[in-house]
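Quick caveat, the model's predicted, so the values are computed rather than measured. Naming convention: chains lettered A, B, ... in sequence-line order (proteins, then strands); numbering from 1 in each chain.
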Amino acid sequence: MGWAIALHGGAGDIPKDLPPELREPREVCLRYCLQMGVDALKAHKSPLDVVELVVRELENNPYFNAGKGSVLTSNGTVEMEACIMDGNTKNCGAVSGLTTVVNAISLARLVMEKTPHIYLAFEGAEAFAREQGVETMDPSHFITPRNIERLKQAKEANRVQVDYNTRPIPKDEKPPGPNGDSQLG
Amino acid sequence: TVGCVAVDSYGHLAAATSTGGLVNKMVGRIGDTPIIGAGTYANKICAVSATGQGDAIIRATVARDVAALMEYKGLSLKEAADYVVEESAPKGTTGLIAVSATGEVTMPFNTTGMFRACATEDGHTELAIW
């Protein structure tokens, strides 16, 4: 049936009345990334190159929860993680706990291709990033005013929030069961 | 969370997912994204990238389940992904994108919305939120 591509920018409790100033930049980015991926597939780039290319672009967009624009931990810090997998060989690479790496997905690919391991995390992953010479920035580069505000809201409500929850998930409360009218996600 | 899955005209597949995690998460908390078979998975049959509430996605091994239903039960990509999202993962916690080696695409979710887009060689394109 030929080539195909899909991409996402996160799921959750995205309010139907999301204001245009928050909806439109995301739609513009999704449309741009889709076209970039289609052009790469038409140019016979490998699916691995295509998915890395697209996710890098999404990581660099501050409107999505990855890379620049990552949401904040309870300490107000950023901890980024990523994973890439090749279907033919089942080779895969994963990283967690990154605080300075601009494109976590590219470091995950380097773990897959340059180490005998699948997963590197925290200071080991950061050290590997420096060894590989990938682009890094000061942690403050990844923090946006909007996410500082979201952390403040979540702390006031003593809850954690998924990508787009308007109503954060109570830390002490388990999400409602499958048939519950869930506002989570 | 952001993700991408792709299949080329030879049927080769790949999946990639990246995230900042949960707002106000504990320091050191790992979500579904880097866990192979939970938030990200690819084999010779399909490629899957999931998003939503990571803890629920890990428990349901969402990405691997889609591939396993296709491999062992012979379900189509859409049937397998719909089953996992509607039956396995708790309501309101999970969305995923997936492509198959034969060029099928599916983007089901059981949350209020999911930012998503797709395109296929036969000209179909889609960009949606809800």
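Both the backbone and the side chain of B/A119 come within contact range of chain A, with heavy atoms under 4.5 Å apart. For chain B, no part of A/K42 is nearby; none of its heavy atoms comes within less than 4.5 Å. Only the backbone of B/A50 comes within less than 4.5 Å of a heavy atom of chain A; no side-chain atom from C-beta onward does. Neither the backbone nor the side chain of A/F142 comes within less than 4.5 Å of any heavy atom of chain B. Looking at B/V5, the atoms closer than 4.5 Å to chain A (heavy atoms on both sides) sit in the backbone and in the side chain alike. Only the side chain of A/V54 comes within less than 4.5 Å of a heavy atom in chain B; its backbone stays farther off. Contacts between B/V7 and chain A at a heavy-atom distance below 4.5 Å involve backbone atoms as well as side-chain atoms.
Your options are A/G69, A/A82, A/S70, A/G93, and the one with the most heavy-atom pairs under 4.5 Å with chain B is A/A82. Most heavy-atom pairs under 4.5 Å with chain B, from the set A/L30, A/D86, A/V50: that is A/L30. Chain A forms the most heavy-atom pairs under 4.5 Å with one residue out of B/G3, B/C118, B/A67, B/G95, and that residue is B/G3. Between chain A and the residues B/V105, B/T33, B/D8, B/T40, the largest count of heavy-atom pairs under 4.5 Å involves B/D8. Annotation: maximal heavy-atom pairing with chain A below 4.5 Å, among B/G103, B/A42, B/S9, occurs at B/A42. Interface summary for chain A: among B/P34, B/S100, B/S49, the most heavy-atom pairs under 4.5 angstrom belong to B/P34.
Nearest heavy-atom pair, A/I118 versus B/I36, reported as atom, atom and distance to 0.1 Å: CG2-CG1, 4.4 Å. A pairwise comparison of heavy atoms in B/T120 and A/A4 identifies CG2-CB, 3.9 Å as the closest pair. Across all non-hydrogen atoms, the minimal contact from B/M107 to A/A6 is SD-CB, 4.3 Å. Of all heavy-atom pairs spanning A/A154 and B/V23, the tightest one is CB-CG1, 3.9 Å.
Within the model, atoms CZ of B/R116 and CG of A/L34 stand 13.0 Å from one another, a figure rounded to the nearest 0.5 Å. A/F64 contributes atom CZ, which lies 11.0 Å from atom OG1 of B/T51 (distance to the nearest 0.5 angstrom). If you take SG on B/C4 and CG on A/L58, they are separated by 7.5 Å, rounding to the nearest 0.5 Å. Here the CD1-CD distance, from B/I35 to A/E81, works out to 7.5 Å after rounding to the nearest 0.5 Å. Within the model, atoms CD of A/E52 and OG of B/S18 stand 11.0 Å from one another, a figure rounded to the nearest 0.5 Å. Here the CZ atom belonging to B/F115 is positioned 9.0 Å from the CZ atom belonging to A/R23, to the nearest 0.5 angstrom.
Annotation: side chain of B/L13 is not in contact with side chain of A/P47 (no heavy-atom distance under 4.5 Å). B/T1 is listed as a side-chain neighbour of A/H8, based on a closest heavy-atom distance under 4.5 Å. When side chains are defined from C-beta on, B/I30 counts as touching A/Y119, because their heavy atoms get closer than 4.5 Å.
Judged purely by atom type and a 3.5 angstrom limit, A/E79 uses its side chain to pair as donor or acceptor with the backbone of B/G28. Although no hydrogens or angles enter the test, the distance criterion places no donor-acceptor pair under 3.5 Å between the side chain of B/T17 and the main chain of A/C83. Panel note: side chain B/T19, backbone A/A66; no donor-acceptor pair is recorded below 3.5 Å. At distances below 3.5 Å, not a single donor-acceptor pair connects side-chain atoms of B/K44 with backbone N or O atoms of A/G87.
Heavy-atom contacts from other residues, nucleotides or ligands closer than 6.0 Å to OH of A/Y32 number 12 or fewer.
Remark: the B/H12 side chain and the A/S46 side chain contain no N/O donor-acceptor pair separated by less than 3.5 Å.
A chain of hydrophobic side-chain contacts below 4.5 Å, direct or via other Ile, Leu, Val, Met, Phe, Trp or Tyr residues, connects A/M80 to A/V95. Put simply, B/V99 and A/W3 are part of two different groups of oily side chains (I, L, V, M, F, W, Y) that touch within less than 4.5 Å, one to the next. With hydrophobic clusters built from ILVMFWY side chains whose heavy atoms lie under 4.5 angstrom apart, A/M137 shares a cluster with A/I148. Linking Ile, Leu, Val, Met, Phe, Trp and Tyr residues whenever their side-chain heavy atoms come within less than 4.5 Å leaves B/I97 and B/V48 in two separate clusters. Side-chain heavy atoms closer than 4.5 Å link hydrophobic residues (I, L, V, M, F, W, Y) into clusters, and following such links, even through other members, never connects A/L48 to A/M85.
Taking the six-membered ring for Trp and thresholds of 30 and 60 degrees, B/Y10 and A/H44 have ring planes inclined between 30 and 60 degrees apart.
For residues 123-130 of chain B, heavy-atom neighbours of chain A at less than 4.5 Å comprise B/E126, B/L127, B/I129, B/W130, sorted by residue number.
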